[in-house]
Colleague: 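My questions all concern the structure below.
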Amino acid sequence: MAKATVSLPQGTRDFSAEVVRKRNYIFNTIRNVFELYGFAPLETPAMENLDTLMGKYGEEGDKLIFKILNNGLDNPAKHDQIRTDFEKVLEGKNTKNVTERALRYDLTIPFARYVAMNYGQLTLPFKRYQIQPVWRADRPQKGRYREFYQCDADVVGSTSLLNEVELSNIYATVFATLGIDVEIRINSRKILAALAEICGGADKMTDITIAIDKLNKIGIEKVKEELAQRGLDETQIITIEKYLAIDGSNEEKLAAATALIGNAERGKAGVEEIEYILNYSQLITNNSKLIIDFTLARGLNYYTGLIFEIKAKGVQMGSIGGGGRYDDLTGLFGVPNVPGVGISFGVDRIYDVMEELELFPETVHKGVKVLFFNLGEQESKTAFALMQQLRNNNIGCELFHEATKMEKQFKYADKKQIPFAIIIGSKELEEGTCVIKNLVSGEQKTVLQTALLQEFS
RNA sequence: GAGGGUGUAGCUCAGUAGGUUAGAGCGACAGUUUGUGGCACUGUAGGUCGUGGGUUCGAGACCCAUCAUUCUCCCCA
């Protein structure tokens, strides 16, 4: 036989039965909590119009969008036009004649598009959740793929901080259910804006957040270097260093932040937001899990208010979730002034964390419960009838596919982790009985075929 | 976009300073006498060493290219 040369596209994966079951366990947990909090599901197509996606993720993001080549490019009547258009593609531009669709890059923009298209029909605030794969033409590496799932929950059409409280409780509930110990780190983009205001003006906000975001990775000295490179002077850098050095309990941090940036209007507002959510959460979840982290910035520039990031305790792993408030998600699609707030779960990383900490329950391995041995034609007919009877009572079973030596059938049961074997040979056939063997303990007993069902109920 | 690592049996990998018939473990299959597995033992199958060039008397080992894969940086989940 020729050697198979089949392979998978870079950065994609097959999921075996065991992995799918474990992933579904995570998905189901998240989905149940979303539903519990009043979020409704939404699914959007794998592909969007290229126009919908381009320009929404920044210059870098645009490059990482998977574009779909149009069909019918081989139509002779269009060759001249397409050659001309293809020249534009070579220059880095996109033309509708060559490509006009692309794979979904995230769930947020398709959601914004959906809200814009259906704004009139939506009951506000609109709370939806979405669990679907997205695709990015990124270089794959550890924990990064070209196809991966996102789990998002967003509320649009409400500025109430109650939404932030709800979302942080969703985080707490999901991770408590999964058994993962986490810190829910929070900060406010308003505080960062106030800091920027004091240090060089609002236009430095992006520079400052980008540099601050790297603190954990590169350390304070490098951050200072980067800030200097980005044009901040020494006094400003000292202020930022003071800001980043804020430490202690949540209360102490808030006090220190107030002292530093409380005079700025937005700084005050940011501190008040955080106070609000901390007070509220005390009533509902374990407050100690919410931790103020003033170094938290999050890369995405559309965040404007409170921001979240989830860090699992006890493992070396990047954030396993994040989110925040944004002011105007749908403005780009012609429906302005729709504020919102959303969170996201990083399922692939959550999976890795649970694997590492061995948190998956035994029950996720859900195979068939019974294997009927096949010991001959008449024997297997009897077994088949009994098997159907069990199936009708919601007991999963299989009949071995051919009459062969028992050793093989035992090994099959072992490999598929089937806990019970039912043996019907010529002797049992004659007596109207069957042998039930517990394959874990090795114990077995003979019962009447008519009594088999009640043995399993 | 930039820079490393790795490609040898189905899987995980050995293959010493280039030398003749390329190995192991696991897995698969068969058997250790025909209705009781997981163990053990025996045996069998399976590789033009990613691909294409080059150096050499001789290349799985060295050089170049190419493809694949993996990791790091950028960016992100």
Side-chain angles (χ1 to χ4, degrees), chain A residues 1-13 16 26 57-65 92 104-108 131-152 209-210 213-214 217-218 222 226 297-301 308-312 317-323 342-353 371 373-376 379-380 400 403-431 433-446:
Chain A
M1 213 200 304
K3 190 179 175 181
T5 55
V6 289
S7 67
L8 232 40
Q10 191 179 36
T12 64
R13 299 157 288 171
S16 67
I26 298 173
Y57 308 105
E59 218 174 298
E60 289 287 322
D62 281 355
K63 284 188 207 158
L64 301 181
I65 293 171
R104 182 171 57 214
Y105 179 89
D106 71 354
L107 300 179
T108 308
I131 301 176
Q132 288 190 279
V134 302
W135 295 268
R136 296 186 186 179
D138 207 352
R139 282 277 168 79
Q141 52 184 277
K142 193 177 182 66
R144 281 172 74 175
Y145 304 95
R146 287 185 156 184
E147 178 185 67
F148 61 96
Y149 271 74
Q150 290 193 331
C151 295
D152 285 15
T209 52
I210 288 173
D213 212 27
K214 294 179 183 168
K217 248 183 191 171
I218 63 178
K222 293 267 182 192
E226 181 151 350
R298 293 198 58 77
L300 296 170
N301 271 320
F308 303 95
E309 199 157 282
I310 308 299
K311 179 82 183 65
M317 181 76 68
S319 73
I320 55 176
I343 57 171
S344 171
F345 288 83
V347 172
D348 293 289
R349 285 184 178 172
I350 292 172
Y351 181 94
D352 290 342
V353 168
L371 177 69
F373 275 29
N374 186 336
L375 298 173
E379 291 87 340
S380 66
F400 198 76
T404 180
K405 48 165 51 177
M406 295 181 83
E407 187 180 336
K408 276 193 102 168
Q409 308 197 32
F410 273 119
K411 282 190 172 156
Y412 180 81
D414 278 343
K415 271 184 206 147
K416 294 193 74 172
Q417 296 181 31
I418 299 171
F420 291 98
I422 293 180
I423 302 166
I424 300 169
S426 50
K427 188 176 141 220
E428 289 78 12
L429 194 61
E430 214 170 287
E431 295 172 349
T433 59
C434 57
V435 174
I436 302 172
K437 176 153 182 160
N438 182 326
L439 295 175
V440 181
S441 65
E443 291 167 15
Q444 67 178 53
K445 61 177 172 182
T446 306

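Note that this is a predicted model, so its numbers are computed, not measured. A note on names: the letters A, B, ... follow the listed sequences, proteins ahead of strands, and every chain is numbered from 1.
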Colleague: Between the main-chain N or O of A:N374 and the side-chain N or O of A:Q409, is there a donor-acceptor pair closer than 3.5 Å?
Modeller: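 It does hold such a pair.
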Colleague: What is the separation between atom NZ on A:K142 and atom C1' on B:rA77, rounded to the nearest whole Å?
Modeller: 15 Å
Colleague: Determine whether a donor-acceptor pair (N or O, by modelled atom type, separation under 3.5 Å) exists between the side chain of A:R136 and the backbone of A:Y105.
Modeller: yes
Colleague: What's the gap between B:rC73 and B:rC64 when it is taken at their C1' atoms, as a whole Å value?
Modeller: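 Looking at atom C1' only, B:rC73 and B:rC64 are 27 Å apart.
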Colleague: Show each protein N/O and nucleotides 40-42 of chain B N/O combination with a separation under 3.5 Å, one pair to a line.
Modeller:
none

Colleague: Output the rounded distance in Å from CD1 (A:I26) to P (B:rA77).
Modeller: 18 Å
Colleague: My understanding is that a pair needs two contacts under 3.5 Å, Watson-Crick or G-U wobble. By that rule, which nucleotide pairs with B:rU69?
Modeller: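 Base-paired to B:rG5.
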Colleague: Would you mind classifying the nucleic acid contact of A:I320 as base, sugar-phosphate or nothing, using non-hydrogen atoms under 4.0 angstrom?
Modeller: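 No contact at all - A:I320 keeps every heavy atom at 4.0 Å or more from the nucleic acid.
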Colleague: Sticking with atom P, work out how far B:rG46 lies from B:rU33, rounded to a whole angstrom.
Modeller: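 It works out to 28 Å between them.
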Colleague: Is the closest side-chain heavy-atom distance between A:L8 and A:E147 below 4.5 Å?
Modeller: no
Colleague: Quote, to the nearest angstrom, the C1' distance that separates B:rG50 from B:rA45.
Modeller: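 After rounding to an integer number of Å, I get 24 Å for this pair.
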Colleague: Measure the shortest side-chain to side-chain distance between A:M406 and A:I423 over non-hydrogen atoms and say whether it is less than 4.5 angstrom.
Modeller: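 Yes, at least one pair of side-chain atoms sits under 4.5 Å.
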Colleague: Can you check the A:Y412 OH to B:rC29 P distance for me, whole Å?
Modeller: 13 Å
Colleague: When only distance counts, do a donor and an acceptor, one from the side chain of A:Q444 and one from the base of B:rU36, lie under 3.5 Å apart?
Modeller: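 Present.
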Colleague: Without decimals, in angstroms, what is the distance between A:D106 CG and B:rC75 C1'?
Modeller: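 These atoms are roughly 14 Å apart.
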Colleague: Describe the nucleic acid contact of A:G143 in one word from base, sugar-phosphate, nothing, applying a heavy-atom distance below 4.0 Å.
Modeller: base
Colleague: Would you mind classifying the nucleic acid contact of A:K63 as base, sugar-phosphate or nothing, using non-hydrogen atoms under 4.0 angstrom?
Modeller: nothing
Colleague: B:rU69, OP1 or OP2 - any side-chain N/O from A:Q10 closer than 4.0 Å?
Modeller: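 The answer is yes; a side-chain N or O of A:Q10 sits under 4.0 Å from OP1 or OP2.
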Colleague: Taking any heavy-atom pair under 4.0 Å as a contact, classify A:D138: base, sugar-phosphate, or nothing.
Modeller: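 Since a base atom lies under 4.0 Å of A:D138, the category is base.
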Colleague: Using Watson-Crick or G-U wobble geometry with both distances under 3.5 Å, which nucleotide pairs with B:rC49?
Modeller: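 No nucleotide pairs with B:rC49.
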Colleague: With a 3.5 Å distance limit and no angle check, can you tell me whether A:R144 reaches the backbone of A:R139 through a side-chain donor-acceptor pair?
Modeller: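 Flag not set: sc A:R144 to bb A:R139 has no pair under 3.5 Å.
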Colleague: In whole angstrom, give the distance that lies between atom NZ of A:K411 and atom C1' of B:rC29.
Modeller: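 It is 10 Å, rounded to the nearest whole Å.
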Colleague: Distance-only, no hydrogens or angles: does the A:R146 side chain make a donor-acceptor pair with backbone N or O of A:P140 under 3.5 Å?
Modeller: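 Flag not set: sc A:R146 to bb A:P140 has no pair under 3.5 Å.
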Colleague: Which part of the nucleic acid, if any, lies within reach of A:K427 when heavy atoms closer than 4.0 Å are counted: base, sugar-phosphate only, or nothing?
Modeller: base
Colleague: Would you mind classifying the nucleic acid contact of A:G442 as base, sugar-phosphate or nothing, using non-hydrogen atoms under 4.0 angstrom?
Modeller: base
Colleague: Under 3.5 Å, is there an N or O donor on one side and an acceptor on the other linking the side chain of A:R144 and the base of B:rC75?
Modeller: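 Answer yes: a donor N or O sits under 3.5 Å from an acceptor.
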Colleague: Is there a Watson-Crick or G-U wobble partner for B:rC75 with both distances under 3.5 Å, and which nucleotide is it?
Modeller: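 Partner of B:rC75: none found under 3.5 Å.
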Colleague: Using a heavy-atom cut-off of under 4.0 Å over every strand shown, decide if A:E60 touches base, sugar-phosphate, or nothing.
Modeller: nothing
Colleague: Find which nucleotide of RNA chain B each of A:K415 and A:R139 is nearest to by heavy atoms, and output the residue with the more 5' nucleotide.
Modeller: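 It is A:R139, whose closest nucleotide lies nearer the 5' terminus.
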Colleague: Answer yes if the ring centres of A:F410 and A:F373 are under 6.0 angstrom apart, and no otherwise.
Modeller: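 Judged by ring-centre distance (under 6.0 Å), A:F410 and A:F373 do meet the cut-off.
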Colleague: Hey, does A:S426 reach any base, or is it just sugar-phosphate, or nothing, if we go heavy atoms under 4.0 Å?
Modeller: base
Colleague: For A:I423 and A:F345, find the nucleotide of RNA chain B closest to each by heavy atoms; which residue's nucleotide sits nearer the 5' end?
Modeller: A:I423
Colleague: Sticking with atom P, work out how far B:rA22 lies from B:rG4, rounded to a whole angstrom.
Modeller: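 So the two P atoms sit 35 Å from each other.
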Colleague: Tell me the partner of B:rU42, counting only Watson-Crick (N1-N3 plus N6-O4 or O6-N4) or G-U wobble (N1-O2 and O6-N3) with both under 3.5 Å; none if nothing fits.
Modeller: B:rA30
Colleague: Applying a 4.0 Å non-hydrogen cut-off, can you work out what A:E379 is touching in the nucleic acid: base, sugar-phosphate, or nothing?
Modeller: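 The answer is nothing, as A:E379 stays clear of every strand by at least 4.0 Å.
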Colleague: Check whether any side-chain heavy atom of A:Q150 lies under 4.5 Å from a side-chain heavy atom of A:T108, and answer yes or no.
Modeller: no
Colleague: Quote, to the nearest angstrom, the C1' distance that separates B:rU12 from B:rU8.
Modeller: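 Nearest-Å result for B:rU12 against B:rU8 at atom C1': 12 Å.
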Colleague: Is there a Watson-Crick or G-U wobble partner for B:rA14 with both distances under 3.5 Å, and if so, which one is it?
Modeller: none
Colleague: Between A:F400 and A:Y412, how do the two ring planes meet: parallel, tilted or perpendicular, split at 30° and 60°?
Modeller: perpendicular
Colleague: Compare all side-chain heavy atoms of A:I26 with those of A:F345 and state whether any distance is below 4.5 angstrom.
Modeller: no
Colleague: Measuring only the C1' atom in each nucleotide, how far is B:rC26 from B:rG54? A whole number of Å is fine.
Modeller: 38 Å
Colleague: Using the P atom as the point on both nucleotides, what is the distance between B:rU34 and B:rG60, in whole Å?
Modeller: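 So the two P atoms sit 48 Å from each other.
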Colleague: Between B:rA77 and A:F148, is there a base-stacking contact, meaning the centre of the base's six-membered ring lies under 5.5 Å from the residue's ring centre while the planes stay under 30° apart?
Modeller: yes
Colleague: Return the value, rounded to whole Å, for the distance between atom CD of A:Q141 and atom C1' of B:rC73.
Modeller: 8 Å
Colleague: So A:L371, base contact, sugar-phosphate only, or nothing? Heavy-atom distance under 4.0 Å.
Modeller: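 If one applies the 4.0 Å heavy-atom cut-off, A:L371 turns out to touch nothing in the nucleic acid.
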Colleague: Rounded to the Å, how far apart are A:F420 CZ and B:rU36 C1'?
Modeller: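 So the two atoms are 16 Å apart, to the nearest Å.
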Colleague: For the pair made of CZ in A:R146 and P in B:rA68, what is the distance, rounded to whole Å?
Modeller: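 Value for this atom pair: 10 Å.
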Colleague: Please measure how far the C1' atom in B:rA9 lies from the corresponding atom in B:rU44, and state the result in whole Å.
Modeller: 14 Å
